[in-house]
Amino acid sequence: MNWENIFSNALESAIGRDAMVYALAAVGLNLHFGYTGLLNFGQVGFMAVGAYGVGISVIEFGWPLWAGVLVGIVAATMLALVLGVPTLRLRADYLAIVTIAAGEILRFIFRAAEFRDFTGGSNGINGFAGDFNDANPFSNGQYGFWIVKFSETQIWVLTVGWTLVLLSVLLIWALVRSPWGRVLKAIREDEDAVRALGKNVYAYKMQSLIVGGVIGSFAGMMLALSAGSVQPDNYGTATTFFAYVCLLLGGAATIWGPVVGSMLFWLIMSFTENMLRQAVDNDYIPDSIMTGTQVGQVRFMLVGLLLVLLMVFRPQGIFGDRREIAMTTR
Amino acid sequence: MRRLRGRADAVGAGPLGPRRRLSARPLIRLLVTLVAVVGVALVATAIAGPAGAQDPPTTAPPTTAPGGAPAPVDSGQVVRGILRYDDEDGEEVPVEGIDLTIESQDGTFSQDVTTDEDGAFEVPVPGPGAYVATIDPDTIPEEVTLKDEDRTELAFNLGPNQSRNVLFPLQFGEGTGSSDTFFNRFLRLGVEGIKFGLIIAICAVGLSLIFGTTGLVNFAHGEMVTYGAIIGYLFNVTIGIPMLLAAPLAILVAIITGFGIDRAFWRPLNRRGTGLIAMLVITIGLGILVRYIFLYQFQGFTRTYADYQLQTRGLELGPVTIVPRDLATIIISVVVLVLVALFLQRTRIGKAMRAVSDNRDLAESSGIDVEKVVGYVWAAGAGLAALGGILLGLSEQVSWLMGFQLLLLMFAGTTLGGLGTAYGALVGSLVVGMFVQLSTLFVAPELKNVGALIILILILLVRPQGILGQAERVG
C-alpha cells in the first residue's frame, strides 16, 4: 500500500477540479434548496446547458469564448424559466419530479444521433478550450506544495474555478443578507405568510431559481473548459445527487457549507477509492469479493449511504442549524 | 435558547406529534435496520450474482435478426459488422457512410462510428458487459431501407474475451410486407404501448398509493421494481423453479421486504419526526445504495429469464400479431389492476387506504390505525412493483438499471393522472406507455422517452392536478 500516494491523491482531490466544480453546483443549489426551499433535482441540467452553450458557440458557430459564456448564461436563464413556470406554483415535490425529468430530457437530446451535427451526439464536442488555455499566465512546470502537485493547465483551471467559487459565495452572502434574501428565507419557512404580506412569492422563487441555475451553469462551463470537451454522459442524474451530498454534508443554508462540503466529499471519495483500489491491486482483498471494476461501484454505494445517514442523523450537515432547513413540505 | 429550539422542533414535527428526544435506542435500532436492509439486498442478490457469473448470458436477445447470429471471436474485445444489401441482380453491395453508435447500457462507454467503403465498421470496447448498437436511419441512402424499420437498436451482451458481429439487415428499395404501412405500424406500436403502459401502471399504482398515504415521493421505487425482477431471476434461473411458481414467490418475498422495511425503517423515522423532504432525500440515497449493490452483485449484464423467451409464433388478432407472452402480460396486468381497484373499493383495508389518502388526520381521528395502513401500503406497493419488474423482465430483460430507467416514466404517469390518486396513476401510465411507443412513429427510438417527459411538463402547465386529480388552490 502506497500511503503517500493515497494521501496526496486525496488532498489533490479536495482542492482539485471536481471539488471546485461541485462546490459551484452546490453553491447554486444552496440558494435553491437551502435558502428558498426549492427542491431542484435537475441542477445537472443547468450544468449541461452551460457546458453545451460554450461548446456549441465556440465550435459550431466559431464565436469567441466570452460569447460562449454569455450563451451559457442565457441558456441557463431560459431553462430556469421553462422549469419554473409550470412548477413553482405547485407543491415542492412537483418541482423535484419535473427538474429531474428535465435533466434527463436534456441529456437524451444532447446525445441523440438526430442532432449530431449540432451536439456531437454521444461523443460530445471536443477541443474548444483554445482561447481559455491561451490566456493561461502560468508557464510550463509543476505547481503545488508539500505532496500536492498540479500541472500548469490544471492550476490555471483551478485558479479560475476557485475564483468563481469565491465570487459566487460572496454574491450569495450579499444576497441572503439583503431584504431580497430575507424574503427567500421567509418563503422557505412559510410561503402562505409571505403571500399574505403581499409579496409575489412566485416571482421571488423564479429569481432564486435563475440565480442558482446560472451559478450551476458556471459549474458546467468549468467542467467543460477544464477538459476542453463536453460529453453528454457526464451530465446524468448522479451528478445532481453528488452535488446534493456536498451541500448537505457541509450544511444547507450556510454560506461556506457547500464549499467545505464539496472539498470534504471529494477528499473522502478519493481516499476510499484509492485505498480500495490499492487493496484490490495488492490482493489484500481477493477478487472473489471485489474486483477492480467494482471499486468504482463501491463509491456510489458510499454516496447513497452518506446521503441516508446524513438525513437521518444530521440533516443540518456540519455547519448548519436544524431550524434553518426546509425538511417538511407544506 | 433551549426553549426556542424545543418549540421549533415541535412545530417542525408536523401532524405526528412532537419530536421525541433523541435517545440511544432508536438510533441503534435505525442503524441496525440500515445494516439489515443492505444485508438483505447483498445476500439476496449475492446468490443471483455468482450463479449468473458461472453461466455467462450467451443467449442472443430473442429479437436477433435472421443472419445476425453472434459470432464470438477470441481476439481483443471489439464490436464489428458489415452493412450491405442485395441489389436487383442479387449482388451484394456494401453501404458506406452509415452512422452507428455503440454504447454500454450503463452509460460509461459510448462510441460513434461510420461504415467505410466496404460497409464495415469496428469499435473496440472496454470489456464485457451489456451494450446497445444504434443505427442512424437518416444516414442510410435513399434507395436502401432497414428490413425492420422500427428496429434501429440492437441490445446484446458481451462475455469476457468475446467480440461480436452486429447486423442490421438492409434491403433494396422501399420496404414491403405488412409491417410497413403506417396504419399497421400504428396498430402494432399501439399494442406495444398498451402492454408497456400496463406495466408502468402496475408499478406506478404502488408509487401513487405510497404518496397518497404518506406524502412521500419514493425515489427508490425503481429499485423496488428491480428488486422484484432480480428475486424472480434468483428463483427462476439460479434455483430453477418454473416461472409460474417463481413469480408468485418473488412477489411474496418483495411484499415481506416492503412490509419489513416500513416497520423497521420508515416507521421509526416517522416517529422521530423526520420531515418529508428529508425522507425524500433518504429515498434517493437508499435508491443509489441499493442500485449499486445490485450492480455489484448482479453485474452490468442484462439477463433473460429461463422461460417464455423464444416466442416466434404469434397469434393473429385481426391485423395485429401478438406473441402469447405479450398477450399474457396484458391479461395478467388487466386482471391485477382490476383486483387492485376492487381491493381499494370493497375491502376494509382498501377503504382505509383511501381514507388515509384523502385526509390523514381525519382518518386517524375516526379510529383508523394509520401506521398499520401505511405498512400495508408499503407491502402492496412492493408487491406490485415486483410483479411489474418481472413482467418487464419477461418482455425485455433483467438488468440492474431497469427500475431506475422506468422511474421517470412512473413519475410521468402518476403526475399525469394526479399525484396520489390510484386510478389516476393507472390512466396516466397508460397514456405515457402509449405515447412512448407511438412516438417512435415520428421520432428516433432513442428520443421516445423525451416525448413522455415533455408531456409531463406541459400537463403540469395546463392542468397541474393531473387528469383525475382534484383541483386545489395552488399559489
Side-chain angles (χ1 to χ4, degrees), chain A residues 37 39 41 82-83 85-94 96-98 100-102 104-105 108-109 111-114 116 121-123 191 195 201-202 231-233 236 238 241 244 248 290 293-294 297-298 300-301 303-313 315 322-323 326-329, chain B residues 5 8-9 12-14 27 30 34 38 99 101 103 107-108 110-112 127 134 136 138 211 215 217 219 269 272 274-282 284-293 295-296 408 411-412 415 419 443-444 446-447 449-450 453-454 456-458 460-461 464 474-475:
Chain A
L39 269 181
F41 282 114
V82 169
L83 291 181
V85 168
T87 53
L88 287 181
R89 291 179 196 278
L90 307 176
R91 277 179 34 154
D93 17 24
Y94 280 94
I97 292 175
V98 166
I100 198 174
E104 283 294 273
I105 292 176
F108 284 140
I109 290 177
R111 76 198 305 281
E114 303 260 294
R116 186 178 300 167
S122 49
N123 285 351
E191 199 178 312
R195 199 172 285 123
V201 169
Y202 182 60
Q231 250 88 39
D233 289 329
F241 298 152
Y244 258 94
L248 294 169
M290 195 187 293
T293 48
Q294 286 177 321
Q297 299 160 10
V298 171
F300 280 94
M301 292 184 211
V303 172
L305 193 65
L306 209 60
L307 211 48
V308 174
L309 292 180
L310 266 175
M311 281 295 99
V312 171
F313 294 117
R322 205 175 184 124
R323 290 166 299 169
M327 285 297 171
T328 47
T329 40
Chain B
R5 175 174 297 247
D9 282 355
L27 283 188
L30 265 174
L34 202 62
V38 174
D99 289 339
T101 308
E103 55 197 324
T108 53
S110 176
Q111 181 68 47
D112 289 345
T134 314
D136 182 359
D138 297 343
F211 178 83
V217 181
F219 274 74
L269 274 184
R272 278 185 67 195
T274 303
L276 275 177
I277 304 281
M279 290 229 228
L280 189 155
V281 179
I282 289 173
I284 291 180
L286 266 186
I288 300 176
L289 178 64
V290 174
R291 187 154 69 243
Y292 280 89
I293 290 176
L295 173 62
Y296 192 92
L408 288 179
F411 279 156
T415 317
L419 262 181
V443 299
E446 59 184 335
L447 287 176
N449 289 354
V450 172
L453 299 179
I454 288 177
L456 162 71
I457 295 179
L458 290 182
L460 283 181
L461 203 55
V474 281

*asked:* So which atom in B:Leu456 and which in A:Ala101 form the shortest heavy-atom distance, rounded to 0.1 Å?
replied: CD2-CB, 4.2 Å
*asked:* Quick check for you: among B:Asn449, B:Ile454, B:Ile288, which has the greatest number of heavy-atom pairs under 4.5 Å with chain A?
replied: B:Ile288
_Run the side chain to side chain donor-acceptor pair (under 3.5 Å) test against B:Asp99 and tell me which residues pass, sequence neighbours left out._
A:Arg116, B:Thr114
_If I measure from the heavy atoms of chain A, does B:Leu447 come under 4.5 Å with its side chain, its backbone, both, or neither?_
side chain
_Reported CG-to-CG distance for the pair A:Leu39 and B:Leu280, which is rounded to 0.5 angstrom_ = 6.0 Å
_Please give me the minimum heavy-atom distance between B:Ile282 and A:Val308, naming the atom from each residue._
O-CG2, 3.8 Å
*Residues forming a side chain to side chain donor-acceptor pair (under 3.5 Å) with A:Gln297, sequence neighbours excluded*: none
*Looking at B:Ile284, B:Val450, B:Thr101, B:Leu408, which makes the most heavy-atom pairs under 4.5 Å with chain A?*
B:Ile284
*Give the intermediate values and the outcome of side-chain contact (heavy atoms from CB on, under 4.5 Å) for residues B:Thr274 and A:Val312.*
CA-CA 7 Å; B:Thr274 303; A:Val312 171; 5.9 Å; no
*Taking A:Leu306, A:Ile109, A:Val201, A:Val303 one by one, which has the highest count of heavy-atom pairs under 4.5 Å against chain B?*
A:Ile109
*Using non-hydrogen atoms only, which part of A:Tyr244 is less than 4.5 Å away from chain B: side chain, backbone, both, or neither?*
neither
*Measure A:Glu104 against the heavy atoms of chain B and call it side chain, backbone, both or neither at under 4.5 Å.*
side chain
*Which atoms form the tightest heavy-atom contact between A:Met311 and B:Val281, and what is the distance?*
CG-CG1, 3.6 Å
*asked:* Does the plane of the ring in A:Phe300 sit parallel, tilted or perpendicular to the ring in B:Tyr292? Use 30° and 60° as the thresholds.
replied: parallel
*State, to 0.1 Å, how close B:Phe411 and A:Ile97 come at their nearest heavy-atom pair, and which atoms those are.*
CB-CG2, 3.7 Å
*Is it the backbone or the side chain of A:Phe241 that comes under 4.5 Å from a heavy atom of chain B, or both, or neither?*
side chain
